Participant: 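I have a structure here, written as structure tokens, and I will follow up with some questions on it.
Fair warning: this is a prediction, and the values are worked out from it, not measured in the lab. Just so you know, ligand 1 is whichever comes first in the structure, and atom 1 is the first atom listed for that ligand.
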Amino acid sequence: MGFETIRLEVEGAVATLTVDRPKALNALNSKALEELLAAVTQVHQQSGVRVLLVTGAGEKAFVAGADIAQMANYSAEEALAFSRAGHKVMAALEALPFPTIAAVNGFALGGGCELALACDLIYASEKAKFGLPEVTLAVIPGFGGTQRLARRTGLSRAKELVYTGEMIDASKAKEYHLVLEVLPVDKLLGHCREVAGKIASRGPLAVTKAKTVIAQGWDLDLAAGNELESQAFGSLFATADQKEGMQAFLEKRAAAFKGL
Ligand code: CAA
């Protein structure tokens, strides 16, 4: 499928989604949201993909937010619809049956920070800057920032960042548990691909179950979450990959998983 505002490349088990509007610092307009949703739906349906990397084109930005030029004259109804369209993309990313990794190479502001927050893992370059500057525009985050940031940083930091609209650098973002690792610019994508490769080499059904159980358990009490885990653990013993994984261990050889 041809896209105007994004690029989707699949190399083996790893798909890479690049927001590609560098002249506007990869700001998300309606077209970009529409194409992101189409691309995420496409990789969801594509067999063999086991990890999705999300990044931004150019050296300056991951994504500098929702497109301010597009939003500037929105009515309340239009803004509500735009917010919902953004939420749909973030929900589709979270619903992928395999892990997603944000490789944040520059500004990840507003909708860009929210795009990273919808990914499972976030790695950043030393040049990355994060923030939810919406209040500087007299609005609030609209693609999930008021909800997802606190789940990573804790409530107090999230409130501080949302209320002040201040940007933080990559090392602060790591300190706040938003970012896992900070890499030199030229090492960021390689590092993300290495992590993706490791994940892709593991039992794919197990990785999918792990993602599901972690996500669903987050909103449950501990006992209910643990029961979810037991059910998933048990169900994996009905797979061929479990037999292969444990047999390979006992035979001291590498496992060959088939996703069955
Ligand atoms: N929307 C539209 N265009 C944007 C943009 C955005 N979010 N961010 C940057 N651009 C455009 C600029 O208008 C500029 O275009 P022109 O060359 O045509 O003038 C181009 O990208 C380069 O940007 P700057 O000249 O501003 O670059 P800079 O290096 O001086 O500053 C920046 C970089 C600090 C990231 C600055 O561009 C900036 O503050 N951008 C806006 C960040 C922001 O407020 N994001 C939140 C948007 S609201 C939102 O996202 C709501 C939501 O949750 C749904």
Participant: Could you list the donor-acceptor pairs under 3.5 angstrom formed by side chains in residues 198-209, with sequence neighbours left out?
Facilitator:
residue: Ser201; atom: OG; partner: Lys198; partner atom: O; Å: 2.7
residue: Thr208; atom: OG1; partner: Pro97; partner atom: O; Å: 2.5
residue: Thr208; atom: OG1; partner: Pro204; partner atom: O; Å: 3.1

Participant: Could you pull out all residues at least two apart from Ser30 that satisfy side-chain hydrogen bond (donor to acceptor under 3.5 Å, both in side chains)?
Facilitator: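 Only Gln70 meet the side-chain hydrogen bond (donor to acceptor under 3.5 Å, both in side chains) criterion with Ser30.
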
Participant: Using modelled atom types only, decide if a donor and an acceptor are shared between the side chain of Glu114 and the backbone of Gly144 within a distance under 3.5 Å.
Facilitator: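 A pair under 3.5 Å: yes.
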
Participant: What ring-ring contact (aromatic ring centres under 6.0 Å, His included) pairs are there with at least one residue in residues 72-102, not counting sequence neighbours?
Facilitator: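 For residues 72-102: Tyr74-Phe82, Phe82-Phe143.
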
Participant: Tell me the residues surrounding ligand 1, counting only those with a heavy atom closer than 4.0 angstrom, sorted by chain and number.
Facilitator: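 Residues within 4.0 Å of ligand 1: Lys23, Ala24, Leu25, Ala27, Lys60, Ala64, Gly65, Ala66, Asp67, Ile68, Met71, Phe107, Leu109, Gly110, Gly111, Glu114, Pro133, Glu134, Leu137, Pro141, Gly142, Phe143, Met167.
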
Participant: Within a radius of less than 6.0 Å around CG of Asp186, do more than 12 heavy atoms belonging to other residues, nucleotides or ligands occur?
Facilitator: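 Enclosed: over 12 neighbouring heavy atoms sit under 6.0 Å from CG of Asp186.
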
Participant: Does any N or O in the side chain of Asn105 come within less than 3.5 Å of the main-chain N or O of Gly58, such that one atom is a donor and the other an acceptor?
Facilitator: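 Pair found, side chain donor or acceptor close to backbone of Gly58.
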
